[in-house]
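Below you'll find the structure, written out as structure tokens, and then a few comments.
Fair warning: this is a prediction, and the values are worked out from it, not measured in the lab.
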Amino acid sequence: MRDVTYSMSVSLDGYVVGPDGGFQWTAPDAEVFRLAVDETRGVGVHLLGRRLYESMLYWEDEDRVHSSDPTEREWTALWNPLPKVVFSTTLSAVRGNARLATGSVAEEIERLRAEPGEGDIAIGGATLAAAAAAAGLIDEYRIRVYPVLVGGGTPFFPHEERRVDLDLVETRAVGPQVVYLRYRVAR
């Protein structure tokens with residue numbers, strides 16, 4: 001069965017975006033960007049909320065792809081053909097190798113796990129991940145912790161009264177500022 005992974009950058013105080021909606025503090029250096037490229041190699045399909053989908057359209061700009069450095073070109077060569085499922089109540093169409101979700105996050109994950117395919121089912125976006133976590137569908141959390149306190153915003157982990165035991169899989173420094181943590185849900 002394909003694993004469901006949730007991977008995002010987070011402030012030291014636990015937020016993926018600050019109270020102003022900004023996340024400029026997550027701009028990756030070369031080593032963090034390499035980590036993102038390597039993670040993407042193991043993904044078979046990516047689930048995104050509307051805001052993240054719209055942010056990631058940046059990488060589908062052909063002029064941007066041709067003017068980027070080799071690591072960014074490697075990223076776009078992985079990202080652009082990757083199947084994506086976008087969850088939105090406001091979009092009527094998406095572009096690239098994306099489709100709009102036709103069911104809940106739980107229904108889409110169930111459908112994707114039943115289909116033949118390889119690679120993880122990756123989730124991007126805290127709101128979408130919260131719905132998957134509430135349904136007990138996340139298998140692994142991958143966290144890039146940045147040395148900044150933003151004081152509020154959208155939390156990486158949903159604030160609910162539900163205990164989830166985790167097993168530490170990996171921890172390492174990535175570049176001079178970021179700590180990478182991987183936890184598997186203990187089942």
Side-chain angles (χ1 to χ4, degrees), residues 1-10 14 16-17 26 32 34-57 59-60 74-145 154-172 180-187:
M1 186 180 327
R2 298 165 82 177
D3 281 346
V4 176
T5 63
Y6 171 36
S7 178
M8 299 267 313
S9 297
V10 63
V16 296
V17 297
T26 67
V32 173
R34 168 56 51 200
L35 173 65
V37 170
D38 293 343
E39 273 190 351
T40 302
R41 287 188 191 290
V43 174
V45 60
H46 206 290
L47 311 182
L48 305 96
R50 180 197 49 85
R51 284 180 291 195
L52 183 58
Y53 165 73
E54 289 175 340
S55 295
M56 296 305 285
L57 285 174
W59 294 103
E60 296 191 19
E74 182 181 4
W75 160 257
T76 58
L78 293 168
W79 179 255
N80 289 344
L82 183 66
K84 298 164 197 79
V85 180
V86 181
F87 292 79
S88 174
T89 58
T90 58
L91 294 175
S92 59
V94 291
R95 64 182 205 200
N97 199 17
R99 69 171 175 83
L100 286 169
T102 58
S104 69
V105 68
E107 291 166 335
E108 291 288 346
I109 288 171
E110 182 179 326
R111 181 179 312 135
L112 290 165
R113 282 183 163 164
E115 294 174 355
E118 294 187 21
D120 294 334
I121 300 167
I123 296 179
T127 303
L128 191 59
L137 296 172
I138 295 181
D139 298 301
E140 189 168 292
Y141 292 91
R142 299 173 180 177
I143 310 159
R144 294 176 301 276
V145 182
T154 303
F156 180 89
F157 293 104
H159 292 163
E160 58 183 40
E161 294 184 29
R162 181 175 160 270
R163 178 182 169 138
V164 178
D165 293 320
L166 306 171
D167 294 324
L168 181 62
V169 175
E170 179 180 3
T171 182
R172 63 181 157 117
Y180 179 65
L181 304 167
R182 276 182 55 213
Y183 289 95
R184 286 215 43 95
V185 173
R187 301 207 194 274

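Put simply, OH on Y183 and OG1 on T171 are 6.5 Å apart, with the number rounded to the nearest 0.5 Å. Separation of atoms OG (S7) and CZ (R182) is listed at 10.0 Å; rounding is to 0.5 Å. The OG atom of S9 lies 9.0 Å from the CG atom of L35; values are rounded to the nearest 0.5 Å. Expressed to the nearest 0.5 Å, how far CG of L52 lies from CG of L128 amounts to 9.0 Å. Rounded to the nearest 0.5 Å, atoms CD1 (I138) and CG (D3) are 11.5 Å apart. Rounding to the nearest 0.5 Å gives a distance of 6.0 Å between CZ of R113 and CG of L137.
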Would you sort out whether L91 and Y53 count as a side-chain contact (heavy atoms from CB on, under 4.5 Å), showing the intermediate values? CA-CA 11 Å; L91 294 175; Y53 165 73; 3.9 Å; yes
Derivation and outcome, side chain to side chain donor-acceptor pair (under 3.5 Å), residues R50 and T89: CA-CA 8 Å; R50 180 197 49 85; T89 58; over 6 Å; no
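Applying the ring pair (Phe, Tyr, Trp, His ring centres under 6.0 Å) test to every pair with at least one member in residues 78-132, sequence neighbours left out, gives these pairs: H46-W79, W75-W79.
Looking at E108 and R99, a side-chain N of the basic residue comes within less than 4.0 Å of a carboxylate O on the acidic one, giving a salt bridge. Ion pairing of E54 with R51 is absent here, as no side-chain N (NZ or NE/NH1/NH2) approaches a carboxylate O to less than 4.0 Å.
At distances below 3.5 Å, not a single donor-acceptor pair connects side-chain atoms of Y180 with backbone N or O atoms of E170.
No side-chain heavy atom of W59 sits less than 4.5 Å from a side-chain heavy atom of L78. For the pair T26/V32, no side-chain contact is recorded, criterion being any heavy-atom separation below 4.5 Å from C-beta on. Counting heavy atoms from C-beta on, the side chains of I143 and Y6 never come closer than 4.5 Å.
Listed here is the closest heavy atom pair of P83 and G44: CD-O, 3.4 Å. For the residue pair G119 and R2, the shortest heavy atom distance occurs at O-NE, 2.9 Å. Between V43 and L82, the shortest heavy-atom contact is O-CD1, 3.4 Å. In plain terms, the two heavy atoms of A131 and V105 that are nearest each other are CB-CG1, 3.6 Å. Pairing each heavy atom of S88 with each of L100, the nearest pair is CB-CD2, 4.4 Å. Taking all atoms of both residues into account, the shortest heavy-atom contact from D167 to A186 is OD2-CB, 3.7 Å.
In summary, of the residues considered (T5, I121, V4), a side chain to side chain contact (heavy atoms under 4.5 Å, CB included) with D139 occurs for V4 alone.
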